[in-house]
Amino acid sequence: MSTNHPELSFEFFPPRSPKGFENLNEVRANLAKFGPTFFSVTYGAGGSTQDGTYDAVKSILHSGSQAAPHLTCVGASRDLIRDTVRSYLELEIKRIVVLRGDLPGGMVERGYFKFAEDLVRFIREEFGEDLHLEVAAYPDFHPESASPLTDLQYLKRKFEAGANSGITQYFYNADSYFAFIDEAHRMGISAPIVPGVMPITNFATLVRFSDTCGAELPRWIRARLEQYQYDEPSLKAFGLDVVTHLCFDLLDNGVPGLHFYSLNKTEPVSEICRRLGIEEQ
Ligand code: FAD
């Protein structure tokens with residue numbers, strides 16, 4: 001990896017309509033110019049988007065790019081997981097993002113797998129060592145965890161169960177990520193943990209999502225976004241500056257790559273990549 005060619009990955013969610021698929025193809029083609037290592041596609045725990053993940057992954061592969069499906073285990077049976085992983089192996093998938101997931105409101109039955117660690121172990125036992133398994137990591141720590149330390153201990157267990165690398169929840173304070181990585185190293189975690197980067201395009205959505213997933217939105221960013229919430233051009237310009245600055249800070253300090261939550265849009269991710277000087281191929 002060099003600063004001009006960092007390892008990149010872009011995350012999509014599965015489209016729900018033919019038009020959504022058309023849009024995704026276009027976005028994928030636009031972002032493919034930055035030479036990502038893979039595109040990942042989210043998976044709705046217990047929800048209706050699971051076939052959509054498979055279809056999106058298949059279409060990314062057909063376009064010639066690498067794809068990494070996300071796979072959640074909460075509420076899933078062993079048979080379902082086995083069949084799903086098998087269907088991905090038939091597509092010659094090389095990488096899976098392994099997660100616990102959150103049960104949709106109203107569902108209470110957790111099932112066989114309690115934590116992502118259980119799913120990592122199961123995939124290794126059933127399918128061997130070939131697949132590259134990514135797991136989630138939380139610099140601002142996961143909202144359910146008792147403390148940052150226990151959260152890291154559980155992250156360590158995911159690597160001990162066989163995960164190869166991590167992708168973080170988004171954050172806007174680079175120090176939070178670097179303190180997290182330092183602590184992980186002290187605990188003996190040596191696997192690469194790639195920062196997840198969330199572009200800023202909307203005030204209300206970002207506040208709501210950050211409150212739910214436990215990602216901290218620094219007060220100064222929140223206040224500026226609130227000020228610009230009805231002035232889209234100013235909000236987007238501010239968001240681009242903040243996120244580009246964050247990425248420069250991360251790259252200058254030697255992160256193993258950048259994983260962008262693209263929200264199925266070409267912009268602002270491609271503008272951020274251009275500002276970072278990442279050459280289009
Ligand atoms: P885990 O690693 O199992 O951790 C969950 C909680 O349990 C944490 O608080 C942890 O500290 C604790 N814990 C872990 N192991 C133990 C243990 N043995 N004993 C006690 N406590 C334990 N969600 C989706 O539904 N679909 C997606 O596609 C998706 N993609 C994501 C991609 C990334 C990069 C990230 C960061 C998150 C993603 N999520 C997705 C959200 C994720 O499913 C939620 O954050 C979920 O609440 C936790 O998933 P996990 O894999 O981190 O769980």
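Counting starts at 1 for both ligands and their atoms, in listed order.
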With a 3.5 Å distance limit and no angle check, can you tell me whether K156 reaches the backbone of M187 through a side-chain donor-acceptor pair?
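Flag set: sc K156 to bb M187 pair under 3.5 Å.
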Would a distance-only check, ignoring hydrogens and angles, find a side-chain to backbone donor-acceptor pair under 3.5 Å from R124 to L131?
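Yes; at least one donor-acceptor contact below 3.5 Å.
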Taking 4.0 angstrom as the limit and counting only heavy atoms of [X], give me the atoms of ligand 1 inside it, by number and element.
X    : answer
I167 : 34 (C)
H70  : 27 (C), 28 (O), 29 (C), 30 (N), 31 (C), 32 (C)
S145 : 9 (O), 11 (O)
R157 : 18 (N)

For ligand 1, indicate whether the residue [X] contacts it via side chain, backbone, both or neither (heavy-atom separation under 4.0 Å).
X    : result
R100 : both
D151 : both
E134 : neither
E117 : side chain

Does ligand 1 come near enough to [X] that some N or O of the ligand is less than 3.5 Å from an N or O of the residue?
X    : result
E144 : no
D102 : yes
T72  : no
A116 : yes
H142 : yes
K158 : yes
Q169 : no

Residue pair H70, S40: steps toward the side-chain hydrogen bond (donor to acceptor under 3.5 Å, both in side chains) verdict
CA-CA 7 Å; H70 294 208; S40 82; 2.8 Å; yes
Of [options], which has the heavy atom at the shortest distance from [atom]?
atom                    : options                : result
atom 29 (C) of ligand 1 : L99, T42, V98          : L99
atom 50 (P) of ligand 1 : Y138, F141, F115, Y154 : Y138
atom 36 (C) of ligand 1 : A136, P69, G101        : A136

Apply side-chain hydrogen bond (donor to acceptor under 3.5 Å, both in side chains) to T84 and Y54, showing your working.
CA-CA 9 Å; T84 308; Y54 180 87; over 6 Å; no
Would you please test D231 and S234 for side-chain hydrogen bond (donor to acceptor under 3.5 Å, both in side chains) and show each step?
CA-CA 6 Å; D231 173 2; S234 300; 2.5 Å; yes
Q281 atom CD: more than 12 heavy-atom contacts under 6.0 Å
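Correct, the count exceeds 12.
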Criterion side-chain hydrogen bond (donor to acceptor under 3.5 Å, both in side chains) on H132 and S165, from CA distance to verdict
CA-CA 8 Å; H132 183 111; S165 50; 2.6 Å; yes
Taking side-chain hydrogen bond (donor to acceptor under 3.5 Å, both in side chains) as the criterion, tell me which of E232, E226, R224 meets it with Y228.
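Among E232, E226, R224, the one meeting side-chain hydrogen bond (donor to acceptor under 3.5 Å, both in side chains) with Y228 is R224.
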Mind checking whether H142 and Y154 have side chains closer than 4.5 Å, heavy atoms only?
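No. Closest side-chain heavy atoms not under 4.5 Å.
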Is there a side-chain contact between V57 and Y43, using heavy atoms and a 4.5 Å cut-off?
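When only atoms from C-beta onward are counted, Y43 and V57 do not touch, as no gap falls below 4.5 Å.
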Sub-4.0 Å heavy-atom contact, Y261 with ligand 1
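True for this residue.
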Kindly confirm or rule out a cation-pi arrangement of R100 over F115, judged by NZ or CZ under 6.0 Å from the six-membered ring centre and within 45° of its axis?
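Pair R100/F115 does not count as cation-pi.
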I181 CD1 to R186 CZ distance, which is reported to the nearest 0.5 Å
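Those atoms lie 11.5 Å apart.
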